[in-house]
S.K.: 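Let me give you the structure first, and then I'll get to my questions.
Any value given below was found using the heavy atoms of this structure, including those in side chains, with hydrogens, waters and symmetry copies removed. Chain naming here is simple, since letters A, B, ... match the order of the sequence lines and numbering starts at 1 in each.
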Amino acid sequence: AQSVAQPEDQVNVAEGNPLTVKCTYSVSGNPYLFWYVQYPNRGLQFLLKYITGDNLVKGSYGFEAEFNKSQTSFHLKKPSALVSDSALYFCALRAPNFNKFYFGSGTKLNVKP
Amino acid sequence: DGGITQSPKYLFRKEGQNVTLSCEQNLNHDAMYWYRQDPGQGLRLIYYSQIVNDFQKGDIAEGYSVSREKKESFPLTVTSAQKNPTAFYLCASSPLWEANEKLFFGSGTQLSVL
């Protein structure tokens, strides 16, 4: 069975500090993993994806994510948080040969000045 | 939001009324999806379609109906059988045969009950 878990409902970080938003997954076969960001009353915007290759994936707005196959994790990171990064973040999985996307429950990121 | 247009942005439903949410895409994508998002919660799949004139139920299809008469359009009807329709509805699309492709999302429709 395919699933995605985001263990933290909310993450609080001070501006300028590094941030991490956690994601773990379960899949039969190789995973295709994605991170999306959602601002209030808007659709989801794509940040980055992992398909294959380097375990560190770089994406939009200075975000990056680290794929760890042994820990089945795909954590989102940013070296220095901005107040404007405050939003809802979703991890998603698209299993190969399936045309459904599986989303985590979302993590609200609060960056305080 | 990536070539997908959802309308209206806000919609109000009276008790016993059916309402239809529009979703149009110009990305030439085969697959289209409808998700429901409740406050502070994740996305739940309502229906999806991989080809014209074909669609499949997602995890919470009861009280909803869809049609796919054209590749570009995937309207969602919230019927009177859906007793708790207040939510944010998101339409998305994706190329069908490219598993490494992302989902493209519309800007959403907020549905509320009067």
Side-chain angles (χ1 to χ4, degrees), chain A residues 1-10 21 23 25 27-53 57 59-60 65 67 74 87-110, chain B residues 1-10 23 25 27 29-51 54-61 87-112:
Chain A
Q2 280 62 238
S3 67
V4 176
Q6 292 180 242
E8 302 158 316
D9 290 336
Q10 186 166 298
V21 182
C23 172
Y25 67 91
V27 67
S28 301
N30 293 321
Y32 296 137
L33 294 159
F34 304 82
W35 274 102
Y36 288 86
V37 60
Q38 184 183 33
Y39 297 97
N41 298 316
R42 300 296 302 275
L44 276 65
Q45 298 177 26
F46 170 77
L47 281 178
L48 50 79
K49 66 180 178 182
Y50 172 82
I51 305 303
T52 187
V57 179
S60 306
F67 173 71
F74 188 55
L88 188 58
Y89 290 81
F90 288 98
C91 182
L93 166 73
R94 187 179 195 180
N97 301 322
F98 292 90
N99 287 301
K100 292 170 69 174
F101 288 76
Y102 301 87
F103 283 87
S105 55
T107 298
K108 185 177 181 183
L109 174 65
N110 296 312
Chain B
D1 284 88
I4 299 180
T5 302
Q6 287 188 242
S7 62
K9 189 170 179 64
Y10 300 96
C23 178
Q25 55 102 355
L27 301 169
H29 289 167
D30 289 298
M32 297 187 73
Y33 307 79
W34 274 106
Y35 290 91
R36 170 177 171 145
Q37 184 179 22
D38 292 282
Q41 297 189 26
L43 279 65
R44 292 186 288 171
L45 182 63
I46 305 172
Y47 269 98
Y48 65 104
S49 169
Q50 299 178 12
I51 195 170
D54 187 48
F55 45 82
Q56 287 78 41
K57 292 181 179 180
D59 302 318
I60 55 164
F88 192 56
Y89 291 85
L90 287 161
C91 180
S93 72
S94 178
L96 182 60
W97 302 114
E98 301 290 336
N100 60 350
E101 277 289 344
K102 61 183 185 251
L103 272 176
F104 293 75
F105 282 88
S107 57
T109 293
Q110 176 64 50
L111 175 62
S112 302

S.K.: Parallel, tilted or perpendicular, judged at 30° and 60°: which one describes the rings of F55(B) and Y47(B)?
M.R.: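 Perpendicular.
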S.K.: Compare all side-chain heavy atoms of V27(A) with those of L93(A) and state whether any distance is below 4.5 angstrom.
M.R.: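 SC-SC contact between V27(A) and L93(A) confirmed.
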S.K.: Looking at C91(B), G108(B), S94(B), which makes the most heavy-atom pairs under 4.5 Å with chain A?
M.R.: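 The candidate making the most pairs under 4.5 Å is S94(B).
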S.K.: Sort Q38(A) into side chain, backbone, both or neither according to what part of it lies under 4.5 angstrom from a heavy atom of chain B.
M.R.: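 The side chain, not the backbone.
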S.K.: Mind checking whether Y35(B) and F105(B) have parallel, tilted or perpendicular rings, split at 30° and 60°?
M.R.: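 Y35(B) vs F105(B) ring planes: tilted.
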S.K.: Relative to chain A, which of L43(B), L103(B), L90(B) shows the most heavy atom pairs under 4.5 Å?
M.R.: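 Winner by heavy-atom pair count: L103(B).
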S.K.: Does a donor on one side chain sit under 3.5 Å from an acceptor on the other, for S93(B) and Q25(B)?
M.R.: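 Short answer, no.
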S.K.: Heavy-atom distances under 4.5 Å only: say whether Q56(B) touches chain A with side chain, backbone, both or neither.
M.R.: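 Q56(B) has no heavy atom closer than 4.5 Å to chain A.
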S.K.: Report the relative orientation of the aromatic rings in F67(A) and Y50(A); use parallel for angles under 30°, tilted for 30 to 60°, perpendicular for over 60°.
M.R.: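 Ring orientation, 0 to 90° scale: parallel.
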S.K.: Does any heavy atom of chain B fall under 4.5 Å from the side chain of L88(A), the backbone, both, or neither of them?
M.R.: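 Only the side chain of L88(A) comes within 4.5 Å of chain B.
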